[in-house]
2 protein chains.
Amino acid sequence: MYIFAKMNFQMAKKVSISDIAECLGVSKTLVSLVINGKAEQYGINAQTKKRVLDKVEELNYRPNLLAQGFRTGKTNTIGVIVSDIANRFYSRIARKIEDLAWKNGYSVVICSTDENVDKELQQIKLLQERKVDGLIISSSQLDAEFFNTLNDAHFPHVLIDRRFENMTSSSVVIDNQSGAQMAVNHLISQGYRKIGMISITPQHISSIRERVHGFYQAMELAELEVNPLWNIDVPFDNMENEIRNSLQQLHSQHNLPEAFFTLNNNLTSTCLMQLRELSVKIPSDVALIGFDDVLYFDFTNPSITAIEQPVDLISEQAFNLLLKQIKKNDVTKEERSICLPISINIRESTIKR
Amino acid sequence: MYIFAKMNFQMAKKVSISDIAECLGVSKTLVSLVINGKAEQYGINAQTKKRVLDKVEELNYRPNLLAQGFRTGKTNTIGVIVSDIANRFYSRIARKIEDLAWKNGYSVVICSTDENVDKELQQIKLLQERKVDGLIISSSQLDAEFFNTLNDAHFPHVLIDRRFENMTSSSVVIDNQSGAQMAVNHLISQGYRKIGMISITPQHISSIRERVHGFYQAMELAELEVNPLWNIDVPFDNMENEIRNSLQQLHSQHNLPEAFFTLNNNLTSTCLMQLRELSVKIPSDVALIGFDDVLYFDFTNPSITAIEQPVDLISEQAFNLLLKQIKKNDVTKEERSICLPISINIRESTIKR
DNA sequence: TCGATTTCCTAAATCGTTTTAGATTTTTGT
DNA sequence: ACAAAAATCTAAAACGATTTAGGAAATCGA
């Protein structure tokens, strides 16, 4: 089956275009043109073309993509920057992007930032130096100005999941505010009144901020009071401990709310785990609803109600936008800024029995 | 904070080493040497050095990594090939590798193969053409001969999770057979006798084969009969349906075993889901133990007993082996073949009440 | 048969960096 | 003051591809 492939590797010495040219007594130009499928266009004799292609096969020529990229400025590579590729949300996004990239002849370089500005900046820089053709990024801490500058420089890029006000760059996000409202309204419809929220720092991440905003708005519309003690805000890198501590404290003071709204899948998991450790019953003691659904929320005990994001769609739209930029097709201002709808998956964790 | 960075991007025109040289009236060589920290080594005047570095700063010179890689043959990039980056096991592996790579100045290109030989071959080829410095790969369908050839060609690479007999390449795997035996023995110790197994095709994947082997061995040692009807084997790309069908059939025939051993985390999740749909009680009707532990098995209903793989360790060892190859440090035959121990996390799904 | 066309091909420049092999200038010792 | 040694620096080649601008040979039309 792959005997052919094996041979490929064996002879991995290094055959260049010049070698082929020399072998056949023709010019490098000729060989290059044939290899790049420009034979017809340049009126190259069909027989000569065949001779070249045969030789390419025979010597198992393999292009040096570095040389090619260096010369042409195109690398057929795109960068993907997210906070953590091990987070299920991002790994699914990355996977989908990878698939689309593969189908379109692109490779993907993936970087995790851990929500760290410096790392994010360094990574963008590095990817640029590597001359990636474009970038799909879920930015932690940069801002509109930064990306506008990038945009002015015509560096193809699309922001996902998070974006900034007054940004001219392309972006694909979801309707976080509606999602949060939907979550809170669902809780309210189930009769919960004392509602807490578990969110994550840095709060200026747009998705988080919008969810927070949606939460407050829904609470206000329902004329419910927001109790600051029930709003637990934890840092990205010490989530577990801080959630544990806060919940323990509230629990020992018999001051837990009736329900918690958690702002991402990690927070939801962690919260679930910690509530269990405290033997707090869900949903009878405290209900739980999370932003961002994950396969296994369906079979946890109890199963967890969550706002679902259209992961595949996000990736598709982002990739398409990026490709358009790379191919220099222009995109109207409206098309550049995509906001996708969310949905809710209602499960046991919010259903009063 | 990142005003400096912003400026960097603004002037993203393209400043080359020649520009700097010209600007200062010195040679490209000089500039290159200074930039590469070889000033002292080449006895370059300290003042001249400073002038160069200042200019580099002033013009915001950024190296063209393609040109550099093209010239030197080193790209400071490694490839990671796995079957599916969205699978939690691999996304964790990838994340850890990425971290290690970052600390060592490498970037990571990630590829998913979907257990498809052709795709895998194409990806290896592509990564080679891109001149990655090395490869960490969980190979689906290639064989010892292939990798030996790669090894003979001195292309740095490390296999993880799966390996082949008589392979000279480096590899980091876990003790699958012991893991499987441990799983089966645990079931037996809990009093289960009728034990089934859910595995995945292609079966020649070494990790799967070894797990299967461990299963049979443990059964044999315990003098238990293996019922072929309880051995469900499903293809990678139609897992869910096939598991559903098989379980439904067994269920309708009242012929379910007392326990199932599932060979990877996806199979475990799917099996759990389907058993639930059939309203089969775990563990009272059927117990469940899985190979490869995942965070959430701890809070599913019931929580699931699983064999845990030392994910971080696998990544670390693999990366170290790769780095040694890249740096041309030699590694003894023994060091090249690493097998890590596994452990078991016992939870509700296998505890008879 | 001869100029114009068409057909087919190529020399050489170029991308940005590293590195080899040596050149130039300064300093030193006597 | 002059050769040798030391201190600084540089020209040019090389990596492997693409592309520009054009050249040689064959064919055509009259």
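Quick note on labels: first sequence line is chain A, next is B, and so on, each numbered from 1. Keep in mind that the numbers below use all heavy atoms, side chains included, and drop hydrogens, waters and symmetry copies.
- Between B:Leu24 atom CG and D:dC9 atom P the separation is 11 Å, expressed in whole Å.
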Base-contact (B) and sugar-phosphate-only (S) positions in nucleotides 19-24 of chain D, heavy-atom cut-off under 4.0 Å, - elsewhere: BB----

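- A donor-acceptor distance shorter than 3.5 angstrom exists from the side chain of A:Asn45 to the backbone of A:Gln47, with no hydrogens or angles considered.
- DNA chain D is contacted by both A:Ser16 and B:Asn45; B:Asn45 maps to the nucleotide lying nearer its 5′ end (nearest heavy atom per residue).
- For the pairing with A:Ser170, the side chain to side chain donor-acceptor pair (under 3.5 Å) check across A:Gln325, A:Lys333, A:Arg336 returns one residue only, A:Gln325.
- In this structure, B:Thr48 reaches the sugar-phosphate backbone alone: every heavy-atom distance under 4.0 Å involves primed, P, OP1 or OP2 atoms, never a base.
- A:Leu65 places its CG atom 10 Å from the P atom of D:dA17, with the value rounded to the nearest Å.
- Defining each end axis of the helix from C:dT1-D:dA30 to C:dT30-D:dA1 as the rotation carrying four pairs' C1' atoms onto the next four, with five pairs an end, the two axes are found to diverge by 50° to 10 degrees.
- Protein chain B touches strand DNA chain C; the 5'-most and 3'-most nucleotides with an atom under 4.0 angstrom of its non-hydrogen atoms are C:dG16 to C:dT20.
- Considering only residues two or more places apart in sequence or on other chains, B:Asn320 meets the side chain to side chain donor-acceptor pair (under 3.5 Å) condition with none of them.
- Residues satisfying the salt bridge (Lys or Arg N to Asp or Glu O under 4.0 Å) criterion with B:Lys49, sequence neighbours excluded, are B:Glu40.
- To the nearest angstrom, P of D:dA13 lies 16 Å from CZ of B:Phe70.
- A salt bridge does not link A:Asp19 to A:Lys28: none of the charged side-chain nitrogens sits closer than 4.0 Å to a carboxylate oxygen.
- Atom NZ of B:Lys50 and atom C1' of D:dT8 are 19 Å apart (whole Å).
- Among residues at least two apart or in separate chains, side-chain hydrogen bond (donor to acceptor under 3.5 Å, both in side chains) pairs with a member in residues 65-75 of chain B are B:Thr75-B:Asp133.
- Taking 4.5 Å as the limit, some side-chain heavy atom of B:Phe146 sits within range of a side-chain heavy atom of B:Ile124.
- Look at B:Asp99 and B:Lys103 and you find no salt bridge, because none of the NZ, NE, NH1 or NH2 atoms lies under 4.0 Å from a carboxylate O.
- For the pair A:Asn104 (side chain) and A:Tyr106 (backbone), a donor-acceptor distance under 3.5 Å is absent.
- Rounding to whole angstrom units, CG of residue A:Asn64 and P of D:dA14 are separated by 17 Å.
- Here the side chain of B:Asn148 pairs no donor or acceptor atom with the backbone of B:Met167 at under 3.5 angstrom.
- When rounded to the nearest whole Å, the span between CD of B:Glu129 and P of D:dG16 equals 14 Å.
- Taking a cutoff of 4.0 Å between a charged side-chain nitrogen and a carboxylate oxygen, B:Arg162 and B:Glu115 qualify as a salt bridge.
- For the pair A:Ile35 CD1 and D:dT18 C1', the interatomic distance rounds to 11 Å; values are reported in whole Å.
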